[in-house]
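Just so you know, these numbers come straight off a predicted model, no measurement behind them. Numbers restart at 1 for each chain; the letters A, B, ... are given by sequence-line order, proteins then strands. Scope of the values below: all heavy atoms of this structure, side chains included, with no hydrogens, waters or symmetry mates.
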Amino acid sequence: MHETVAAESVLRSIQEHAQRLHARPIRAVISCGQFNALNEELMQFAFETAAAGTICEGMVIQIRQIPLRAVCSRCRKTFDLKLMEPFCPQCRGEDFEIQPDAPLILEEIEFEDQQ
Amino acid sequence: MKVSLNQRILSRNEKAAAENRAFFQSQKILCLNLISSPGAGKTALLERTIQDLKGQLAIGVIEGDIETDNDARRIQAVGARAFQIETKGACHLSAEQVQDALRKIEAQTLDLIFIENVGNLVCPSAFDLGESGRVVILSVPEGDDKPAKYPGTFAGASVVLINKIDLLNYVSFSLRRVLADLHTVNPKAPVFQISAATGEGMDAWYGWLRQHLEKNRP
């Protein structure tokens with residue numbers, strides 16, 4: 001349940017933006033890499049719990065999973081790596097360099113339109 | 001109204017991890033983050049390792065558990081410096097907690113630091129502590145499907161230890177399957193079959209430690 005820590009950090013950031021813009025946030029998009037292992041349902045649950053009673057209560061949190069990328073040492077193709085099928089889809093090479101995993105990023109917040 | 005941000009969420013952890021890493025490099029300390037399920041034998045592995053190597057190396061341990069300081073007391077009993085972090089519910093350690101613990105155990109006088117993370121095969125692997133390497137431990141009674149079920153954790157390992165190898169004849173566990181799956185998700189990490197209880201295979205693990213300690217201080 002490391003989603004709790006992530007949800008609390010996301011909440012803090014969104015609250016800061018909401019305060020600055022004097023607007024009510026309704027939806028946020030987060031992106032993460034494969035080693036962050038964030039589960040969308042757990043993240044939503046953890047966020048709802050953390051956000052109860054704040055301006056962020058009722059928000060929808062969407063997660064965009066960023067695949068792990070690798071560069072083939074033989075044909076130099078960059079490809080999405082599946083951990084259980086670790087080979088280059090172009091030349092079938094099994095020797096490749098894994099690129100750094102995508103960090104956890106708060107990409108976008110949608111606010112309620114103000115009258 | 002939509003606002004695009006591109007803001008790093010765990011930047012506080014990332015910053016503390018980068019500071020820890022710089023500290024280990026400047027002090028020429030080898031720091032290993034131990035990750036496994038609860039009960040895989042992390043503390044037993046450390047007890048035996050400390051008993052066998054404490055004459056040659058200054059070893060310290062940072063212990064992470066949800067409750068109790070039992071593990072830190074076990075480590076102190078075999079003659080190493082230990083500091084217990086009680087996470088009070090959190091399923092992993094953070095780089096900031098480690099930073100604080102490093103000050104408390106006077107880390108600058110140590111050669112080798114083990115961080116025994118909270119027993120959990122998922123969450124700890126998502127948090128960089130600034131460690132020099134990751135040791136992932138799988139014990140025979142847990143079953144042979146763990147590398148396939150938790151590929152991300154094993155893919156991030158610098159070395160994999162298969163502990164309780166002395167129980168191989170008593171439980172259903174295909175060593176062949178584990179080795180094949182480990183090779184699939186992480187062909188570069190060496191795998192050692194050990195028993196912290198009997199001492200079997202521990203020399204290969206110590207060899208790996210020595211090699212990495214030497215790499216650290218040319």
Review point. Counting heavy atoms not belonging to A:Gln65, are there more than 12 under 6.0 Å from its CD?
Key: yes
Point to revise | Residues of residues 93-112 of chain A within contact distance of chain B, non-hydrogen under 4.5 Å | key: A:Phe96, A:Glu97, A:Pro103, A:Leu104, A:Ile105, A:Leu106, A:Glu107, A:Glu108, A:Ile109, A:Glu110, A:Phe111
Revision key, fill the gap. By side-chain hydrogen bond (donor to acceptor under 3.5 Å, both in side chains), B:Glu142 pairs with (sequence neighbours left out) B:Ser37, B:Ser139
Check your understanding: Minimum heavy-atom separation for A:Pro86 to B:Thr184, with atom names?
Key -> CG-O, 3.0 Å
Exercise for review: Below 4.5 Å from any heavy atom of chain A, which atoms of B:Ala148 appear? Answer side chain, backbone, both or neither.
Suggested key: both
**Study point:** Heavy-atom side-chain proximity of A:Val5 to B:His92 below 4.5 angstrom
**Key:** yes
Check your understanding: If you check every heavy atom in residues 70-79 of chain A against those of chain B, which residues fall under 4.5 Å?
Key -> none
Exercise for review: Identify the heavy atoms of B:Ile9 and A:Ser9 that sit nearest to each other, and give their distance.
Suggested key: CG2-CB, 3.5 Å
Review point. Who in residues 10-29 of chain A is close to chain B, using a strict under-4.5 Å heavy-atom cut-off?
Key: A:Val10, A:Arg12, A:Ser13, A:His17, A:Leu21, A:Ala23, A:Arg27
Practice item. Please look at A:Ile30 and chain B and tell me whether the side chain, the backbone, both or neither of the residue comes under 4.5 angstrom of a heavy atom of that chain. Key: side chain
Review point. Counting only heavy atoms not in B:Arg12, do more than 12 fall under 6.0 Å of its CZ?
Key: no
Revision key, fill the gap. Rounded to the nearest 0.5 Å, the NE2 atom of A:His2 sits from the OG atom of B:Ser125 at a distance of 7.0 Å
Study note, to complete from the structure: When the 4.5 angstrom heavy-atom criterion is applied to B:Phe154 and chain A, the contacting part is neither
